[in-house]
Amino acid sequence: MNYWLMKSEPEECSVDDALAAKNATVPWVGVRNYQARNFMRDGMQVGDGVLFYHSSCAEPGIVGIARVASGAYPDPTQFDPTSPYHDSKSRKEDPRWLLVDVQVVEKTRNLTLPELRANPALEDLVILRKGNRLSITPVEATHWRLITRLLGTR
DNA sequence: GCCAACGTTGGC
DNA sequence: GCCAACGTTGGC
């Protein structure tokens with residue numbers, strides 16, 4: 001069992017949007033970074049824990065607990081010319097971009113970025129490192145336990 | 001809107 | 001393979 005933090009812009013897909021989806025599950029479309037793709041392809045397993053993070057918004061922070069709900073499969077938006085995620089160089093027989101389904105387990109309060117930064121025990125959290133822009137990052141089990149405790153989940 | 005940090009592209 | 005130019009991310 002591994003743990004991950006996954007960023008989403010709330011204007012694109014908020015935790016509420018995900019909760020409103022069927023089975024509270026959404027396909028994590030739009031990842032266009034090889035390292036992030038490889039985490040989904042090689043690192044994730046169904047059932048892995050996910051911290052649902054809101055980025056590029058007024059109050060960035062962790063807003064929910066989720067789980068990986070599928071294995072990696074081709075992101076259909078790469079083949080859609082009308083999608084902002086369209087990739088004309090990706091070919092159907094050899095898809096460049098993958099996604100996993102993510103199921104929200106529970107919406108939490110917003111554990112904000114300043115709060116995360118204020119906690120010395122979290123200084124090694126990848127997302128807090130300077131210059132980090134990866135939309136999917138691994139989370140250590142100790143960090144997962146601390147964060148879920150701070151969020152007030154079981 | 002600004003800008004630091006980083007990834008990607010493409011000429012050589 | 002190098003590296004400058006460019007585009008993107010994302011907090012502020």
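Quick caveat, the model's predicted, so the values are computed rather than measured. Order of the sequence lines sets the chain letters (A, B, ...), proteins ahead of strands, with each chain counted from 1.
- Relative to the side chain of Lys89(A), the nucleotides dT9(B), dG11(C), dT8(C) differ in distance, and dT9(B) lies closest.
- Between Lys130(A) and dA4(B), a side-chain N or O to OP1/OP2 separation shorter than 4.0 Å is absent.
- Distance CG (Asn33(A)) to C1' (dA5(B)): 13 Å, rounded to an integer number of Å.
- Taking atom CG of Leu134(A) as the reference point, atom P of dC6(B) lies 11 Å away to the nearest angstrom.
- The nearest whole Å value for the distance from the CD1 atom in Ile62(A) to the P atom in dG11(C) is 12 Å.
- Between Phe39(A) and Trp4(A), the ring planes lie tilted relative to each other; the angle falls in the 30° to 60° range.
- Protein atom CZ of Arg117(A) is 8 Å distant from nucleotide atom C1' of dG11(C), rounded to whole Å.
- Looking at the side chain of Tyr53(A), the nearest of the listed nucleotides dG7(B), dA4(B), dG11(C) is dG11(C).
- For the pair Lys107(A) and Asp16(A), the salt-bridge criterion is met [side-chain N within less than 4.0 Å of a carboxylate O].
- By the 4.5 Å heavy-atom criterion applied to side chains, Asn119(A) and Leu146(A) are counted as neighbours.
- Across the protein-nucleic acid pair, Asn132(A) atom CG and dG10(C) atom P stand 8 Å apart, rounded to whole Å.
- The side chain of Arg133(A) lies closest to dC6(B), out of dA4(B), dC6(B), dG11(C).
- Look at Lys7(A) and you won't find any side-chain N or O under 4.0 angstrom from OP1 or OP2 of dT9(C).
- Following rounding to the nearest Å, Leu5(A) (CG) and dG10(C) (P) show an atom-to-atom distance of 11 Å.
- Between Asp87(A) atom CG and dT8(C) atom P the separation is 13 Å, expressed in whole Å.
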Walk me through whether Tyr34(A) and Trp97(A) qualify under ring-ring contact (aromatic ring centres under 6.0 Å, His included). CA-CA 8 Å; Tyr34(A) 290 105; Trp97(A) 305 113; 4.7 Å; yes
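- Minimum atom distance to the side chain of Ser56(A) is reached by dG10(C), of the listed dA4(B), dG10(C), dT8(B).
- One atom, CZ of Phe39(A), and another, P of dG7(B), lie 12 Å apart when rounded to the nearest Å.
- Here Trp28(A) and Tyr85(A) keep their ring centres 6.0 angstrom or further from each other.
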